Amino acid sequence: MEKKKNIAWFPEIRLDTISSVQLLQLSSRLKKANAEAIVLAGNISQQDLPINDLQMLEMYAGMPIYYVLGVDDFGGKSIKQVKASARSLSTKNVAWLGNRVIKLSNNSCLIGSSCLGDGQLGKKEDTKFFLNSYCKIKDFKELTSSDIISELQKYASKSVKATEKVLLKALKKYKNVVLTTPVPAYAENTIKDGNEMNEHMLAFCVCKSLGDMLTAVMDKYPDSKLTIISGFVKTSTTYSPTDNIVSVTGINHDVLDDIQNIVEVS
């Protein structure tokens with residue numbers, strides 16, 4: 001029987017705020033947690049793509065790093081530009097997930113989604129709220145809030161189709177799929193202490209169209225399991241829209257704390 005593996009993941013690591021000494025200390029904690037891979041659910045850095053920091057962490061920890069891009073990773077640049085850089089700089093052990101299917105074990109794999117908030121919930125086009133992180137993206141910088149919502153809906157449509165394609169590819173070979181997303185696919189993952197997220201925020205912080213697609217696909221694969229780990233929401237939540245989907249968010253703990261967020265795969 002193949003042994004179970006621990007995958008450590010971070011909802012928002014912000015490598016630009018972590019020193020080399022802290023990276024070394026974080027690596028020690030990863031080893032203590034018996035982690036065999038690291039997954040970063042977006043917001044890697046507010047600086048340029050931090051490939052040097054990622055490579056240093058991989059070298060110290062001695063395990064592969066896989067990541068998706070969060071909204072802050074696009075700050076000051078276009079989405080297309082940042083994705084192109086992530087794709088060109090990816091290696092075997094430090095890789096942007098993109099449309100990849102990463103084998104974790106004989107039964108389990110890892111995939112990623114590029115979906116951001118899709119403007120389907122909350123106030124939607126009627127919102128007067130501007131989420132500062134989105135306004136910093138070059139594609140959206142000069143747009144009004146309602147125009148940003150419209151562009152996000154177009155972007156989500158393409159991203160959801162791409163995610164569906166890679167998910168179906170993964171399900172053909174693996175019974176257990178771990179999906180990493182930069183924002184939750186379900187609004188239930190934004191509830192904190194019984195309180196729902198502000199309706200102005202929901203349009204930017206949840207990709208409802210992604211959740212709808214995932215629920216529909218997994219309904220056709222009742223014997224398979226999908227585990228979704230999402231960034232942006234920095235509190236621990238668990239939501240299961242169906243018997244074979246578990247969607248979680250995690251604590252954004254200090255790098256000097258013990259590792260809080262672990263996904264166990266077999």
Side-chain angles (χ1 to χ4, degrees), residues 2-75 77 81-106 108-114 166 170 174 177-182 227 229-232 234 250-266:
E2 192 172 12
K3 72 169 186 176
K4 294 184 177 180
K5 297 181 179 180
N6 286 340
I7 309 300
W9 71 279
F10 298 83
E12 184 177 281
I13 197 165
R14 303 281 189 189
L15 287 172
D16 54 308
T17 68
I18 301 175
S19 68
S20 297
V21 171
Q22 289 175 318
L23 282 177
L24 186 59
Q25 293 170 323
L26 174 59
S27 300
S28 176
R29 284 160 175 76
L30 287 163
K31 292 175 182 176
K32 182 180 177 182
N34 296 315
E36 297 191 36
I38 303 166
V39 176
L40 309 179
N43 291 354
I44 313 301
S45 174
Q46 289 188 304
Q47 307 301 320
D48 288 336
L49 194 69
I51 192 65
N52 291 336
D53 289 335
L54 286 167
Q55 289 175 337
M56 188 174 295
L57 177 58
E58 186 269 332
M59 180 180 68
Y60 286 160
M63 63 189 73
I65 301 171
Y66 307 107
Y67 66 93
V68 295
L69 296 163
V71 63
D72 285 332
D73 297 314
F74 300 113
K77 299 174 284 292
Q81 176 187 357
V82 176
K83 284 185 176 182
S85 295
R87 185 181 296 108
S88 65
L89 293 171
S90 289
T91 65
K92 180 181 180 182
N93 288 329
V94 180
W96 173 53
L97 285 170
N99 294 323
R100 298 186 181 197
V101 177
I102 303 295
K103 178 180 178 179
L104 298 174
S105 69
N106 289 334
S108 303
C109 71
L110 172 70
I111 61 175
S113 173
S114 295
V166 73
Y174 298 97
V177 178
V178 179
L179 169 64
T180 310
T181 68
T227 301
I229 53 178
S230 300
F232 203 93
K234 296 180 284 291
I251 298 171
N252 193 46
H253 59 81
D254 188 276
V255 295
L256 301 183
D257 294 337
D258 290 338
I259 304 301
Q260 302 286 326
N261 308 313
I262 293 287
V263 173
E264 187 179 74
V265 299
S266 57

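These numbers come from a predicted model, not from an experiment. Side chains included, hydrogens not; waters and symmetry mates left out as well; all remaining heavy atoms used.
Between the K31 side chain and the R29 main chain, no donor and acceptor come within less than 3.5 Å of each other. For the pair K5 (side chain) and S105 (backbone), a donor-acceptor distance under 3.5 Å is absent. Although no hydrogens or angles enter the test, the distance criterion places a donor-acceptor pair under 3.5 Å between the side chain of S108 and the main chain of S266. Looking only at distances, a side-chain donor or acceptor of S85 sits under 3.5 Å from a matching main-chain atom of Q81. When atom types are taken as modelled, the side chain of S45 and the backbone of L15 share no donor-acceptor pair closer than 3.5 angstrom. Side-chain N or O atoms of N6 include none that pairs as donor or acceptor with a backbone N or O of I262 at under 3.5 Å.
Contact of the I65 side chain with the L57 side chain is registered, since non-hydrogen atoms from C-beta on lie closer than 4.5 Å. For the pair I38/F10, a side-chain contact is recorded, criterion being any heavy-atom separation below 4.5 Å from C-beta on. Side-chain contact between I18 and D53: absent, with no pair of heavy atoms (C-beta onward) separated by less than 4.5 Å. Looking at L30 and Y60, their side chains never come closer than 4.5 Å, going by heavy atoms from C-beta outward. The shortest distance between side-chain heavy atoms of V166 and L97 does not fall below 4.5 Å. Put simply, the side chain of I13 does not reach to within 4.5 Å of the side chain of Y67, judged on heavy atoms.
Note that CE of M59 is 9.0 Å distant from CG of L24, once rounded to the nearest 0.5 Å. Rounded to the nearest 0.5 Å, atoms CG (N261) and CH2 (W9) are 5.0 Å apart. Between D73 atom CG and K83 atom NZ the span is 12.0 Å, to the nearest 0.5 Å. We find the CG-CG distance between D16 and D72 to be 9.5 Å, quoted to the nearest 0.5 Å. Distance check: M56 CE to L23 CG gives 7.0 Å after rounding to the nearest 0.5 Å. Interatomic distance, CZ of F74 versus CG of L69, reported as 4.5 Å (0.5 Å rounding).
Here E12 pairs with R14, N43, K234, N252 under the side chain to side chain contact (heavy atoms under 4.5 Å, CB included) rule; sequence neighbours left out.
Checked by atom type, the side-chain pair S113/T181 shows no donor-acceptor distance below 3.5 Å.
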Exercise for the section: Decide side chain to side chain contact (heavy atoms under 4.5 Å, CB included) for Y174 and L104; before the verdict, give the C-alpha distance in whole Å, the side-chain angles of both, and the deciding distance to 0.1 Å. Expected result: CA-CA 10 Å; Y174 298 97; L104 298 174; over 6 Å; no

Side chain to side chain contact (heavy atoms under 4.5 Å, CB included) evaluation trace for L89 with L54
CA-CA 11 Å; L89 293 171; L54 286 167; over 6 Å; no

Practice prompt. Apply side chain to side chain contact (heavy atoms under 4.5 Å, CB included) to the pair L26 and I259, showing each step before the final yes or no.
Written response: CA-CA 9 Å; L26 174 59; I259 304 301; 3.9 Å; yes

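A side chain to side chain contact (heavy atoms under 4.5 Å, CB included) with I102 holds for exactly one of V39, I111, T180, L110; it is L110.
Taking both residues in full, the closest heavy atoms of M63 and E36 are given as CB-O, 3.6 Å, listed atom of the first, atom of the second, then distance. The two residues G250 and P11 have their closest heavy-atom pair at O-CG, 3.5 Å. The shortest non-hydrogen separation linking V177 to A170 is CG2-CB, 4.0 Å.
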